[in-house]
Amino acid sequence: MSVVNYARTLQKVILNIGPRCYHRWVTTASVALRIRDSKQNFRCRLWCGLLTPVHYQYSTEGNTSKVPSVATWEPVLENQLPPAKQVPADLVDKLERLALVDFPNQEGLVCLKKAIRFADQLHVVDTEGVDPMDSVLENSLSFRALYLREDVVAEGDCADRLLQLSKDTVEEYFVAPPGNIPLPGREEC
Amino acid sequence: FIQRLLRIEVSLALKEGRISPTELCRKCLNRIKKTHHLNAYITVSEELALKQAHEAESRLSKGVSKGPLDGIPFAVKDNFCTENIKTTCASNMLKDYTPPYNATVVQKLLDQGAVLMGKTNLDEFAMGSGSTDSAFGPVRNPWSYEAAYREKSGADPDADWVIAGGSSGGSAAAVASLTSFFSLGSDTGGSTRNPGALCGVVALKPTYGLVSRHGLIPLVNSMDVPGIITRSVHDAATVLGVLQGHDVKDSTTVTDHPTPLTGLPDDFDPRNIRVGIPKEYHGPGLSQETLAQWSRVADMFEQAGFQVEQVSLPHTQHSIVCYHVLCHAEVASNMARFDGLEYGHRSDVSSSTEAMYAATRHGGFNDVVRGRILSGNYFLLKQNYEHYFVKAQQVRRLINEDFRRVFGSGVDVLLTPTTLSDAMRHTDFVQEDNRTRSAQEDIFTQPANMAGLPAVSVPTALSSRGLPIGLQLIGPAFQDRSLLTVAQWIEQKVGFAPIRYHGDAGEGEIRVDVLPSTPTVWEKNYLIPC
């Protein structure tokens, strides 16, 4: 039987056993190469692959001690954190005014409090004498200031195209409602 | 069956005339229609794709190919600007926005002759880790419809479909479901590697500063990188070679980058490579199967002669908190540009500018985005700035120092899990809110963003539920080439089988691998039609 036909038959067998088998199409050529690699492993694989549905993909044979077998994180306890921050109503107003988005509902406020509590975990880390890091470009091959190109006009002249993107324009102006009117507070609404 | 080929084989097939670019494009478009239920695409650019395919065909017939990507279909995540094609970021805010320019990375790919299939779905503004919070509906993982998932977990795909991962879920689903040969995603905290691992495809996050971000609608300026999703590591290297380089329009791209990749070296001595296993990457919630895969690949490295050692990155567990603060703070700043005045959704309120802005942003953003903007503003308040933002920046430096120390001691690459487990069912995933899920799902992927290091996720095996599990490799800055070389070695060794749709059962195409006699020779694939 030619190598190709043998391969075809082998593959048909594997296909028929179904996807539970180890997904590896083997040829006679590769059989020989694999035996050279690792007799033990290969025999196991060939046997399993041909005849028994086996979940080979995630066997833990030869589990190395290099990969830790249990989680290594140290839990952060509530008493290690600074006292929980309050978010009073006037702070809510201030945030809504600064961000110009409103809290979706009470759940939104609960979400903010959870986010703040999560961020409080930063304070278990000792950062005495550590400089804040602005950008990872400090790591670049040659430490340098941000690249600035020559201050010459290279492109532009597309005012029409840009104005088309806006919903309300008059000639070459974007139309905005009157400014300098503060957002009404919660009580004023 | 042709879509199951790797890009390198398709490129060869196109050159040899076994298939024409137009035919290939049409097949992919049909495939997109067939996999419509996955909701991977927001916009399908059918006419443009066919036009580009025709042009590629005429070039090939004259023998003037533009490069290795000529005529190859690809997809782009919908937060990259594409000229005259709607770019929505999966949000109401930009629902009808059509950019007047192409993002630099998109332009580079189009200049190489690649064929743009469409814009893929994502979490709104790339905020999320499941591609479930989109204005256009969630993305379904193509593996939910595979025989392996149905049989191993007895699930009904329509009711128990699993998430594609986020936030570039659509891009990963597009590549995994064979509708495109590679796609672009964006990676801020793992947004490319997470869906890559859950959809069983190769997902690369290049070094920060190597690839231009001009045209990528920003989320976190100090961490965003355009990501590359492909079906093989060699393809990822080719695409990176095309995309990398200084861009005058993005001043955060480096000018002194390494020479472009023309291919990966096929001979390296494993004994010269030191692989680090960071012990802190066994975090709470890591599934037994992912742990087993991690051990399996670590064993493979050791048996092949690599020097495998355990290393320590002590600040890993605080990295997610640091990311959380910096991400929210930068998001608050970046989302400030959406006020409805110059582009995007605009509300009808016209009593005052501020009222109009507030109403526009209320209507344009969903809860997740609004929540992040508000907490970001909280962390940036004068009273909190030192306490949260500056503190997070200090912790960022500590995390960076951890990596520098480990790589400086001679370790060449780190091997870690990508996600906690295989893909979750959608019904289970939405039990917790977006912020909690992001804090859980991004723990292994965001440290590489914090330090700006290259990282790649490689699929290794299917879990007991029939869903893919991926492992992550992290390398030193600007050593993307070496990182991909090791990734290719893993890819060749683990033999992860690509998706095969139940619809294709009758097509009878078989891939036959001739195993390398040493780990350094490329895998050759021969097709034996039945």
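All values derive from a computational prediction rather than experimental measurement. So that the names make sense, note that chain A is the first sequence line, chain B the second, and so on, each numbered from 1.
Remark: B:Phe301 CZ to A:Lys66 NZ distance equals 13.0 Å, nearest 0.5 Å. Between atom CG of residue A:Leu100 and atom CE of residue B:Met356 there is a gap of 10.5 Å, rounded to the nearest 0.5 Å. Rounding to the nearest 0.5 Å gives a distance of 12.0 Å between CD1 of B:Ile373 and CG of A:Leu95. Note that CG of B:Asn434 and SG of A:Cys111 are 8.5 Å apart. Values are rounded to the nearest 0.5 Å. The distance from atom CG of A:Leu112 to atom CG of B:Asn377, rounded to the nearest 0.5 Å, is 10.0 Å. Interatomic distance, B:Tyr101 OH to A:Arg161 CZ, rounded to the nearest 0.5 Å: 11.5 Å.
Scanning all heavy atoms of the two residues, the minimum distance from B:Gly283 to A:Trp73 falls at CA-NE1, 3.7 Å. The two residues A:Lys114 and B:Asp433 have their closest heavy-atom pair at NZ-OD1, 4.3 Å. Nearest heavy-atom pair across A:Pro68 and B:Trp294 is CD-CH2, 4.3 Å. Between B:Asn400 and A:Met133, the shortest heavy-atom distance links the atoms ND2-CE, 2.7 Å. Taking every heavy atom of both residues into account, A:Ser69 and B:Leu291 meet most closely at O-CD2, 3.9 Å. Closest of all the heavy-atom pairs between A:Ala115 and B:His324 is O-NE2, 3.2 Å.
Salt-bridge formation is not detected for the pair A:Lys167/B:Glu342: no Lys NZ or Arg NE/NH1/NH2 atom is positioned less than 4.0 Å from an Asp or Glu carboxylate oxygen. Salt bridge status for B:Glu354 with A:Arg97: absent, with no side-chain N to carboxylate O gap under 4.0 Å. B:Arg370 and A:Glu96 are not joined by a salt bridge, as no carboxylate oxygen comes within less than 4.0 angstrom of a charged side-chain nitrogen.
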**Message:** For a side chain to side chain contact (heavy atoms under 4.5 Å, CB included) check, start with the C-alpha distance between B:Arg397 and A:Thr127, then their side-chain angles and the critical distance, and finish with the verdict.
**Reply:** CA-CA 9 Å; B:Arg397 184 176 292 284; A:Thr127 52; over 6 Å; no

**Request:** May I have the step-by-step check of side chain to side chain contact (heavy atoms under 4.5 Å, CB included) for A:His123 and B:Tyr388, ending in yes or no?
**Result:** CA-CA 9 Å; A:His123 299 284; B:Tyr388 288 104; 4.1 Å; yes

**Asked** What's the verdict on side chain to side chain contact (heavy atoms under 4.5 Å, CB included) for B:Thr98 and A:Gln164, showing C-alpha distance, side-chain angles and the deciding distance?
**Response** CA-CA 10 Å; B:Thr98 312; A:Gln164 269 169 28; over 6 Å; no

**Prompt:** Should A:Asp134 and B:Gln393 be marked as a side chain to side chain contact (heavy atoms under 4.5 Å, CB included) after you check the CA-CA gap, both sets of side-chain angles, and the distance that decides it?
**Reply:** CA-CA 7 Å; A:Asp134 290 321; B:Gln393 286 190 310; 3.1 Å; yes

Below 3.5 Å, can you tabulate the donor-acceptor pairs from side chains in residues 171-179 of chain A to any protein atom, sequence neighbours excluded?
none

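For A:Glu74, the parts sitting under 4.5 Å from any heavy atom of chain B are the backbone and the side chain alike. B:Gln383 touches chain A through its side chain: at least one heavy atom from C-beta onward sits under 4.5 Å away, while N, CA, C and O do not. For B:Ile443, the part lying near chain A is the side chain, with the backbone staying farther off; criterion is any non-hydrogen pair under 4.5 Å. B:Met223 does not touch chain A: none of its heavy atoms, backbone or side chain, sits under 4.5 Å away. With a 4.5 Å cut-off on non-hydrogen atoms, A:Leu91 touches chain B through its side chain but not through its backbone. Using a 4.5 Å cut-off between heavy atoms, A:Lys94 touches chain B through its side chain atoms alone. The contact between B:Val325 and chain A is made entirely by side chain atoms (from C-beta outward), counting heavy-atom distances below 4.5 Å. Within the 4.5 angstrom heavy-atom criterion, no atom of B:Leu286 approaches chain A. With a threshold of 4.5 angstrom between heavy atoms, A:Glu128 does not approach chain B through any atom at all.
At distances below 3.5 Å, at least one donor-acceptor pair connects side-chain atoms of A:Thr72 with backbone N or O atoms of B:Lys279.
Taking A:Asp126, A:Leu162, A:Val125 one by one and counting their heavy-atom pairs under 4.5 Å with chain B, the maximum is reached by A:Val125. Top candidate by heavy-atom pairs under 4.5 Å with chain B, chosen from A:Leu98, A:Asp102, A:Val87, is A:Asp102. Comparing A:Thr169, A:Leu122, A:Ile181, A:Leu109 by how many heavy-atom pairs each has under 4.5 Å with chain B, the most go to A:Leu122. The greatest number of non-hydrogen atom pairs below 4.5 Å with chain A, out of B:Ser351, B:Ser350, B:Cys322, B:Ala439, is found for B:Ser350. Here B:Val321 is the residue among B:Val321, B:Ile277, B:Thr360, B:Thr207 with the most heavy-atom pairs under 4.5 Å with chain A.
A:Phe118 has its ring centre no less than 6.0 Å from the ring centre of B:His328.
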